Protein chains: 2
Amino acid sequence: MSIQARKERERAERERRIITTARELAEAEGWDAVTTRRLAAEIEYSQPVLYSHFKGLDAIMAVVAVEGFAELAQLLHEARVGATTPEQAVERVGRAYSDFADAHPALYEAMFIRAVDLPFATPQAPEALQAGYGELREAMSPLAGDDNVDVLTETFWGGLHGMVTLQRSRRLNPSTYGACIDLLIKRFIG
Amino acid sequence: MSIQARKERERAERERRIITTARELAEAEGWDAVTTRRLAAEIEYSQPVLYSHFKGLDAIMAVVAVEGFAELAQLLHEARVGATTPEQAVERVGRAYSDFADAHPALYEAMFIRAVDLPFATPQAPEALQAGYGELREAMSPLAGDDNVDVLTETFWGGLHGMVTLQRSRRLNPSTYGACIDLLIKRFIG
DNA sequence: ACTGAAATTCTAGCACCGCTAGCGCATCTG
DNA sequence: CAGATGCGCTAGCGGTGCTAGAATTTCAGT
């Protein structure tokens with residue numbers, strides 16, 4: 001059975017290489033540069049090999065997205081537990097979200113702009129995604145008051161997402177972006 | 001000069017037909033269905049004709065987007081002037097924006113998600129776009145208080161845009177979407 | 001150790017994309 | 001009526017995601 005174990009291990013390694021190569025390529029040159037031919041050349045296999053691991057290019061992007069969900073969830077968690085007041089928690093979480101989007105634009109794109117075939121607001125959603133949402137929710141919860149916590153969480157998330165996407169597509173005045181994030185947070189703390 | 005006038009008129013009509021066909025096709029089947037071959041077939045000319053009118057497919061989408069800016073600006077204006085209080089103005093404008101996005105998803109996509117080659121937060125931006133922003137700004141202005149009006153306007157816009165885009169890509173719980181819009185507006189009125 | 005079977009990887013190709021060079025025809029000018 | 005001009009066409013380039021089927025490698029049974 002050792003020989004089969006080796007093959008499985010090598011196959012898993014190749015799959016990892018596909019994913020990390022896709023992510024690196026996307027972060028370096030954007031998702032448009034991540035083509036099946038390019039990816040295949042990069043891992044030094046032929047195109048059809050990709051399809052023995054994934055259903056298609058979208059599925060590869062989805063796996064990268066899930067990786068991103070995990071990293072974001074971790075960052076949001078650290079931001080939240082590092083706060084001393086509920087208000088500070090919201091502020092830190094909001095800033096962590098915005099910073100993450102700025103630091104990893106391609107990753108953010110896979111997570112929240114492209115890759116529609118992932119389930120989102122359901123129990124079938126990836127665990128890491130639910131964890132990230134949970135961090136946001138946990139931060140908002142003490143400040144909900146009469147408002148429904150999920151509505152509040154989704155709205156705050158929507159606000160952050162909107163700022164992030166308008167900023168990244170150069171639709172906002174760049175010089176006021178920071179002030180906008182500040183104001184958004186203020187409106188959800190008050 | 002009458003013969004040349006006729007030719008110019010016919011050429012302008014053909015250009016209009018390209019634009020309206022692109023928009024109709026996009027609204028009916030999404031922008032992915034708007035290909036040069038499809039568009040050419042629809043207007044009953046060959047592909048290269050498109051390039052005698054526009055630099056490329058992106059330019060066609062940009063023209064559709066500008067059309068959308070004008071329509072949105074008109075809707076926002078009507079919403080704003082139909083209000084009796086500053087708070088109601090913000091509420092009506094916010095709802096008009098969200099309703100517009102829901103009613104014309106492909107148009108909204110061209111305006112605020114794709115088509116990056118249009119100038120946005122500068123004086124070179126299309127007039128209709130500036131007009132739309134102006135309506136938003138006018139609505140927010142009375143409620144700015146100590147906050148910078150442009151920062152407030154961009155932030156409110158960002159919030160709306162975020163809700164709209166997360167909703168359209170099915171990343172939100174559909175049953176709470178309305179409540180989220182309500183809450184967002186409330187947070188910017190209070 | 002050798003041969004047939006099974007699994008794996010490759011080459012080659014499909015149908016499509018945006019875009020363009022350059023030919024042929026229709027129209028206008030002298 | 002001949003030549004020049006401009007317009008729309010056919011055909012093609014290099015690219016895309018994806019796949020059928022050949023070829024190679026690896027395994028299993030005698």
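Everything quoted here is computed from the prediction, not taken from an experiment.
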What is the distance from [atom1] of [X] to [atom2] of [N], rounded to the nearest Å?
X: A/Ile18; N: C/dT9; atom1: CD1; atom2: P; result: 10 Å
X: B/Trp31; N: C/dC17; atom1: CH2; atom2: P; result: 15 Å
X: A/Glu15; N: C/dT9; atom1: CD; atom2: C1'; result: 16 Å
X: B/Leu57; N: C/dC16; atom1: CG; atom2: P; result: 17 Å
X: B/Leu50; N: D/dC9; atom1: CG; atom2: P; result: 10 Å
X: B/Phe54; N: C/dT20; atom1: CZ; atom2: P; result: 15 Å
X: B/Tyr51; N: D/dC7; atom1: OH; atom2: P; result: 19 Å
X: B/His53; N: C/dT20; atom1: NE2; atom2: C1'; result: 17 Å

Taking for each residue the nucleotide of DNA chain C with the nearest heavy atom, is it A/Tyr45 or B/Pro48 whose nucleotide lies nearer the 5' end?
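Upstream on the strand: A/Tyr45.
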Taking atom types as modelled and ignoring hydrogens, do the side chains of [X] and [Y] form a donor-acceptor contact shorter than 3.5 angstrom?
X: B/Tyr108; Y: B/His161; answer: yes
X: A/Thr36; Y: A/Gln47; answer: yes
X: B/Tyr97; Y: B/Trp157; answer: yes

Ion pair B/Asp147/A/Lys186, N-O distance below 4.0 Å
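Salt bridge between B/Asp147 and A/Lys186, a charged N being under 4.0 Å from a carboxylate O: yes.
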Would you call B/Glu154 and B/Arg137 a salt bridge, taking side-chain N to carboxylate O under 4.0 Å as the test?
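No.
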Looking across every strand, which nucleic acid part, if any, lies under 4.0 Å from B/Arg14 by heavy atom: base, sugar-phosphate, or nothing?
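Sugar-phosphate only.
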With sugar-phosphate meaning primed atoms plus P, OP1 and OP2, does A/Ser46 contact a base, only sugar-phosphate, or nothing at under 4.0 Å between heavy atoms?
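Here A/Ser46 touches the bases of the nucleic acid.
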Respond yes when some side-chain nitrogen or oxygen of B/Thr36 is under 4.0 Å from OP1 or OP2 of C/dC19, and no when none is.
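Indeed not, no polar side-chain atom of B/Thr36 lies that close.
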Would you kindly check whether a donor in the side chain of A/Arg37 faces an acceptor in the base of D/dG15, or vice versa, at under 3.5 angstrom?
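It does not, because no donor-acceptor pair links the side chain of A/Arg37 to the base of D/dG15 below 3.5 Å.
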Kindly say whether, by distance alone, the side chain of B/Gln47 makes a donor-acceptor pair under 3.5 Å with the base of D/dC9?
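Flag unset: no donor-acceptor pair detected.
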When you match A/Lys55 and B/Glu44 each to their closest nucleotide on DNA chain D, which lands nearer the 5' end?
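Closer to the 5' end of DNA chain D: B/Glu44.
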